[in-house]
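Below: the structure, in structure tokens.
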Amino acid sequence: WTTLIDTFPDAPTARTALLARADARQRGGDFRDGLADTRAFLAREPKGGNDDTADALLVEGLCQAGLQDYAAAITALRTRLDRHPDAPRTDRALFELGAAETLAGRSADATKTFATLLRRFPGSPHAGDAAFELGEAAWNTGDFAAAAAHYDRAIKAADAALALPPLTI
């Protein structure tokens with residue numbers, strides 16, 4: 001990617017390579033360089049953006065969270081959700097926003113975000129984790145009945161994710 005980006009910075013594929021490299025850097029824990037790549041990618045954004053723009057904003061939020069700049073992560077993820085509410089991986093963006101809000105001490109916002117994820121994407125791979133986080137929030141406020149209901153939903157989601165299809169002979 002780096003050779004392509006450095007040698008042909010104006011090529012259409014260089015923009016795609018920037019996003020791929022940003023994602024790889026974020027996944028590898030290189031949050032500063034991943035953030036630099038997302039910013040370079042977004043600087044070349046087509047008017048109005050597209051699904052790649054949505055992905056870049058998600059990666060930007062993940063990099064900011066990795067750098068423990070939760071306010072910046074929240075801003076990037078909210079921008080992503082506001083500008084691209086129906087793009088692929090919206091469930092992931094909601095989950096990461098809720099996590100950043102939790103880490104920033106904004107538990108009321110996080111509770112709303114996790115509830116939105118569960119309402120909009122009940123079958124998401126992140127639904128169980130969102131239900132668990134809602135259980136934790138309810139537990140922390142002393143609402144043990146609500147906590148139990150959320151934990152039960154989280155357990156059912158985990159069980160469903162681990163369920164093997166029946167054997168057919």
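Keep in mind that this is a model prediction, so the values were computed, not measured. Position 1 is the first residue of the sequence, and the numbers go up from there.
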Open item on the list: If hydrophobic residues (ILVMFWY) are linked whenever their side-chain heavy atoms come closer than 4.5 Å, directly or via other members, who joins Leu35 in its cluster?
Closed with: Phe31, Leu67

Task: Backbone N/O of Ala148 and side chain of Asp152: donor-acceptor pair under 3.5 Å - done: no

Show me, pair by pair, the donor-acceptor contacts under 3.5 angstrom made by side chains of residues 3-10, not counting sequence neighbours?
residue: Thr7; atom: OG1; partner: Thr3; partner atom: O; Å: 2.7

Open item on the list: Salt bridge or not between Asp55 and Arg92? Use side-chain N to carboxylate O under 4.0 Å.
Closed with: no

Open item on the list: Quick check for you: to the nearest 0.5 Å, what is the distance between Leu58 atom CG and Gln26 atom CD?
Closed with: 8.0 Å

Show me the donor-acceptor pairs, under 3.5 Å and distance only, between side chains in residues 71-81 and residues at least two apart or in other chains.
residue: Thr75; atom: OG1; partner: Ala71; partner atom: O; Å: 3.1
residue: Arg78; atom: NH2; partner: Glu101; partner atom: OE2; Å: 2.5
residue: Thr79; atom: OG1; partner: Thr75; partner atom: O; Å: 2.8
residue: Arg80; atom: NH1; partner: His84; partner atom: O; Å: 2.9
residue: Arg80; atom: NH1; partner: Thr90; partner atom: OG1; Å: 2.9
residue: Arg80; atom: NH2; partner: Pro88; partner atom: O; Å: 2.6

- [ ] Could you tell me which non-hydrogen atom of Ala131 sits nearest to which non-hydrogen atom of His150, and how far apart they are?
- [x] O-CB, 3.3 Å

- [ ] Starting from Tyr70, walk the hydrophobic network (Ile, Leu, Val, Met, Phe, Trp, Tyr; side-chain heavy atoms closer than 4.5 Å) and list everyone else you reach, by chain and number.
- [x] Leu103

Open item on the list: If hydrophobic residues (ILVMFWY) are linked whenever their side-chain heavy atoms come closer than 4.5 Å, directly or via other members, who joins Trp139 in its cluster?
Closed with: Phe132, Phe144, Tyr151

Open item on the list: Within the 4.5 Å heavy-atom criterion, are Arg44 and Leu18 side-chain neighbours or not?
Closed with: yes

Open item on the list: Please give me the minimum heavy-atom distance between Ala130 and Leu117, naming the atom from each residue.
Closed with: CB-CD2, 4.2 Å

Open item on the list: Rounded to the nearest 0.5 Å, what separates atom OG1 in Thr53 from atom CZ in Arg15?
Closed with: 5.0 Å

Open item on the list: Looking at Arg32, I'd like to know if its CZ atom is crowded, meaning that more than 12 non-hydrogen atoms belonging to other residues, nucleotides or ligands lie closer than 6.0 Å.
Closed with: no

- [ ] Find out whether Glu136 and Ser107 are in side-chain contact, i.e. whether some heavy atom of one side chain is under 4.5 Å from a heavy atom of the other.
- [x] no

Task: For Asp91 against Pro125, the heavy-atom pair lying closest together - done: OD2-CD, 3.7 Å

TODO: Any ring-ring contact (aromatic ring centres under 6.0 Å, His included) involving residues 93-116? Give me the pairs, sequence neighbours left out, ordered by first then second residue.
DONE: Phe95-Phe114, Phe95-His126

